[in-house]
Amino acid sequence: MTEQILNSLKNFILVTGHYGCGKTNFTMNLALDYAKAGRKVTVVDMDLINPYFRTSDFKGVLEEKGIEVITPVFGGTNLDIPSLPASMYGIFEKKDVVIIDVGGDDAGSMVLGRFKPQFDTVDYDMLYVINRFRSLSTDLDEAIEVLGEIEAVSGLKPHYLINNSHMMAETGQAIYDEGKQFAEMISEKTGLKVLCHTLDKELYDKGIVIPDADDSIYPIEIHVKTIWQKQKMVQI
Amino acid sequence: MSEKVLMKGNEALGEAAIQAGCRHFFGYPITPQTELSAYLSKKMPKVGGTFLQAESEIAAINMVLGAAGSGVRAMTSSSSPGISLKSEGVSYIAGSDVPAVIINVQRGGPGLGSIQPSQADYWQATKALGHGDFQLFVLAPSTVQEMADFVALAFETAEKYRMPAMILSDGMLGQMMEPVVFPDATEVHEGDKSWAASGHKNQRKHNVVNSLYIEAKDLEQKVVERYQRYELVKANEQRSESYLTEDADIVVVAFGASSRVSRSAVNAARAKGIKAGLFRPITLWPYPVDALEKTIGTAKKYLTVEMNMGQMIEDVRLAVNGRKPVEFFGRTGGIIPTPAEVLAKIEEMAK
């Protein structure tokens with residue numbers, strides 16, 4: 001499962017998708033899992049449009065595991081005008097895993113266009129993260145339209161779909177099944193392979209959601225939470 | 001869209017405006033509110049509405065005054081510094097007896113402050129959003145679902161009493177995502193618009209939307225009449241939620257995002273054997289004094305938890321009127337208190 005997914009990706013990974021589809025949480029999991037597997041990981045927060053719930057917010061957690069984190073200047077601070085640091089150009093010289101968490105939609109992916117000449121010099125995998133239940137990408141046309149917009153502004157070609165469909169605490173078997181079906185339909189229409197279906201580790205381990213035997217499952221931790229979800233002191 | 005989807009609070013406010021029949025939005029971008037404008041900029045043209053990014057907050061609120069004065073549902077949204085800029089226009093809207101909805105997704109202040117969540121505009125919203133004698137009807141959602149539900153309520157109440165209504169949210173509620181469902185087909189209950197300057201077509205006397213009165217006695221009469229309406233709002237429109245308050249020794253009073261934190265802390269206190277409860281005002285003006293009064297017999301102490309230096313505590317103290325001690329815990333500047341911090345304060349008070 002996890003090992004297979006990690007091994008099938010190239011060293012240079014771009015995480016794109018609709019605003020709020022779960023790119024940051026996916027990036028966190030991928031980075032921590034690569035680090036656990038002994039790889040040297042660099043995470044790049046290239047999100048210049050989102051003020052809250054960003055990779056920069058988890059800098060400490062990542063660095064603790066030996067992961068290098070490159071954030072926009074002022075990322076994670078109160079200043080409303082993030083800009084990319086010069087160290088961003090250094091990522092193309094890295095020898096091991098580089099994961100780039102890109103901002104949502106075409107607005108967030110626009111920044112990729114600036115690095116197109118550099119991206120052309122490296123072997124990369126661009127991932128398109130989808131959530132069937134995320135507003136404004138709940139039907140096929142919407143999800144495919146956003147993908148097209150991201151391709152257009154970045155000048156880069158996507159390689160895989162990541163099915164990150166969930167309904168937060170209300171995720172169960174029906175939600176999983178519907179998300180999977182949605183991802184397979186997008187795959188059919190776009191020709192992109194579904195690399196994996198993410199699934200909350202807790203739901204997977206407890207058997208609350210039971211995927212089909214041949215589903216490529218990526219069990220994930222939920223890192224992106226509100227303070228009252230993080231400090232849930234008693235279960236109600 | 002009757003199916004359940006994941007939305008950020010800001011997006012839910014935008015969709016709710018459309019569902020409530022609002023077809024006129026005027027705004028100016030500011031973090032952490034911008035998703036609302038972005039959502040409406042995409043959606044308004046698809047439903048034949050007007051989305052207009054004005055040249056400034058001041059322009060936007062005056063466009064709301066003009067549009068609402070013609071009888072249509074009009075809305076603007078901003079975050080704290082932008083709301084300050086709109087204050088003159090809000091006063092004119094109140095002085096013209098025009099219903100309109102203003103959304104404040106609060107961030108830290110004063111000044112440019114921070115872009116992190118805050119509740120430091122409580123006084124501004126409930127006491128003094130602009131000059132002159134007037135009030136806003138103020139709703140404080142605490143979930144994304146309430147963000148979706150309260151927009152129609154804000155319009156209906158604004159129209160019923162011909163006054164501006166505000167949804168006082170904060171950056172956390174605006175940015176966080178939760179499952180939300182909109183009713184199949186929202187029925188739009190528009191209030192009486194016979195006062196509107198919508199064209200008399202030589203069929204009636206022309207209507208005037210105006211806040212200027214040359215004669216002091218005319219203005220006084222107008223303001224007194226408005227305050228009679230405010231008494232009706234106070235009598236009819238108080239809303240709140242009481243959670244585990246019936247037998248609570250310590251009643252925590254909190255609204256919006258800090259009520260989410262407080263609910264966790266109350267649950268944790270109960271698990272430790274402390275009788276704690278949560279009183280959550282949903283209307284901040286009118287303050288839900290009637291429901292709070294029901295807790296006064298059993299409560300030993302009150303604790304207000306806010307994301308500011310202690311603003312709502314004054315309304316709680318007014319309601320409690322010296323009968324019980326009222327304490328405060330808060331963080332400010334864009335910091336949200338943690339459930340553990342609130343629990344520690346409850347434990348200290350329970351000693």
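Naming: A, B, ... by sequence-line order, numbering from 1 per chain.
For Leu136(A), the part lying near chain B is the side chain, with the backbone staying farther off; criterion is any non-hydrogen pair under 4.5 Å. Looking at Glu11(B), the atoms closer than 4.5 Å to chain A (heavy atoms on both sides) all sit in the side chain, from C-beta outward. With a 4.5 angstrom heavy-atom cutoff, Ala12(B) does not touch chain A via any of its atoms. Looking at Asp139(A), neither its backbone nor its side chain comes within 4.5 Å of chain B, counting heavy atoms on both sides. Using a 4.5 Å cut-off between heavy atoms, Pro117(B) touches chain A through backbone and side chain atoms alike.
The six-membered or imidazole ring of Tyr122(B) lies near that of Phe255(B), with a centre-to-centre distance under 6.0 Å.
Inspection of the Asn164(A) and Asn131(A) side chains reveals no N or O donor paired with an N or O acceptor under 3.5 Å.
Using modelled atom types, one side-chain atom of Ser187(A) and one backbone atom of Leu192(A) make a donor-acceptor pair closer than 3.5 Å.
Between Tyr176(A) and His197(A), the ring-plane angle classifies as perpendicular under the 30° and 60° cut-offs.
Chain B forms more heavy-atom pairs under 4.5 Å with one residue of Lys225(A), Met167(A), Met168(A), Glu170(A) than with any other, namely Met167(A). Highest contact tally toward chain B, considering only Tyr52(A), Phe53(A), Phe133(A), is held by Tyr52(A) [criterion: heavy-atom pairs under 4.5 Å]. Of the listed residues Met177(B), Lys42(B), Arg270(B), Arg263(B), the one with more heavy-atom pairs under 4.5 angstrom with chain A than any other is Met177(B).
When all heavy atoms of Ala31(A) and Leu62(A) are compared, the closest pair comes out as CB-CD2, 4.1 Å.
Both tests pass for Lys8(B) against the ring of Tyr19(A): distance under 6.0 Å to the centre and angle within 45° of the axis.
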